[in-house]
Amino acid sequence: MSINRKELFSKSRRIVIKIGSAVLTSSGIGLDQERIGKLAGEISDIIASGREALVVSSGAIAAGFAKLGIEKKPRGMPLPLKQAAAAVGQSSLMWIYEKSFGECGRKVAQVLLTGEDLSNRERFLNARNTLHTLLEYGVVPIINENDTVAVDEIRFGDNDNLSGMVAHLVDADLLVILSDIDGLYSADPRLNPAAKLIPLVEKITPEMEQAAGDALSAVGTGGMRSKIMAARKVGAYGVPMVIIDGKREGVLAELFEGGDVGTLFLPKEHKNRSRKHWIAYTACATGRIVVDDGGRTALVEKNKSLLPGGVVTVEGTFKAGDCVTCFDKAGNSFARGLTNYSATDLERIKGHKTIEIESILGRKDYDEVIHRDDLVIL
Ligand code: GLU
């Protein structure tokens, strides 16, 4: 398929730009002020061309190590030390952004988020409103994970994932990943000299994920796999993603002029509605519902809602309004949705007809356990 990059990028108005640690540091320790300055200039030019830009920036931990006199990134470092380094480094990171964007006549804002902030619908909407307001005021949000409080259960884990979530949060038109590698290769180019750059990915295949391996960059916490996962996420929401070499000067301008740089991941044609995307990828599923074969067919093939009659087993503790995952009897997850009934109520009405709900519970709030509009087939 031939794709007119220039046309695609010229239509992109709201851009999320992720800058990885490997781009922001020269040797993995400390920040490369000159490079950040140049990137701020390039991003300012993008804004001057009538676009909005949000930056997702790593580099706090790398900057913190330098300030704390930690020379190498020891593997298996205790989490509190990384968190402390991030706290120390985040202010330096912001100071450099403030200075660099200030020189271009632009203001910046620090926004620190955790995974939990975006899986809770209310906090998701609060974050979204704040970011929209910052953009209205022409401020460049500089977003990072709130490493101080983020432990495993509430983490994004890496900023590739975070940038994908942010692209969704603000309804971005494009996600740009600035990396220390110029795109996705057919194999790991550091290990295989015959590896070729893939300029366009129309569909992410299991082979691609395999080839991306688990290889981590020496500095950041992501790797090619986390980038592919981010592409998959934003792609499901209708947002294209590009990976380009963030160390190459002028690369952003080149990209927006339609130049053949990096790897472009095309999104799925149909945009999932924002809420559905939130259900599929961001909301934290607190319960599991096992559905019988008839119920599964109704959901997957007939586009119907889940009724109590189709529910076989209820697992976990959840309230009405929580996100739950639906499994078939063989244990395969096939859908996620927002339940209208709590685990306790569902336990009582499972397997029963809709008309029986009222006599069992003494009330009937809804006919459906999960309404079609609140359901996403995985
Ligand atoms: N939040 C981390 C930092 O600022 C970066 C995480 C990542 O690189 O993926 O250092």
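Quick caveat: nothing in here was measured; it's all calculated off a predicted structure. Whatever order the structure lists ligands and atoms in, that order sets their numbers, starting from 1.
- Ligand-side atoms of ligand 1 in range of D158: 9 (O), range being under 4.0 angstrom from any heavy atom.
- Backbone and side-chain nitrogen or oxygen atoms of A62 are examined, and none is located within less than 3.5 angstrom of a nitrogen or oxygen of ligand 1.
- For the residue pair L162 and I143, the shortest heavy atom distance occurs at CD2-CG2, 4.3 Å.
- The atoms of ligand 1 that sit less than 4.0 Å from any heavy atom of D147 are 1 (N), 2 (C), 3 (C), 4 (O).
- Contact annotation: for S21 versus ligand 1, heavy atoms closer than 4.0 Å belong to the side chain alone.
- In this structure a side-chain-to-backbone donor-acceptor pair under 3.5 Å is present from R5 to V261.
- The closest side-chain heavy-atom distance from M241 to I177 is below 4.5 Å.
- Across N159, L39, V56, I142, a single residue satisfies side chain to side chain contact (heavy atoms under 4.5 Å, CB included) together with I19, and that is L39.
- At a heavy-atom cutoff of 4.0 Å, ligand 1 is contacted by no atom of L93, backbone or side chain.
- For a threshold of 3.5 Å applied to N or O pairs, the pair formed by E145 and ligand 1 contains no separation below that value.
- Residue-to-ligand polar distances keep D160 apart from ligand 1: every N/O pair is separated by 3.5 Å or more.
- The closest side-chain donor-acceptor pair between Q110 and E98, if any, does not fall under 3.5 angstrom.
- Here N159 has heavy atoms under 4.0 Å from ligand 1 in both its backbone and its side chain.
- Aromatic ring orientation, Y366 versus Y341: perpendicular (interplanar angle above 60°, classes split at 30° and 60°).
- The distance from ligand 1 to the heavy atoms of G59 drops below 4.0 Å at these ligand atoms: 3 (C), 4 (O), 10 (O).
- In summary, the aromatic rings of Y137 and H132 are positioned with their centroids too far apart to meet the 6.0 Å limit.
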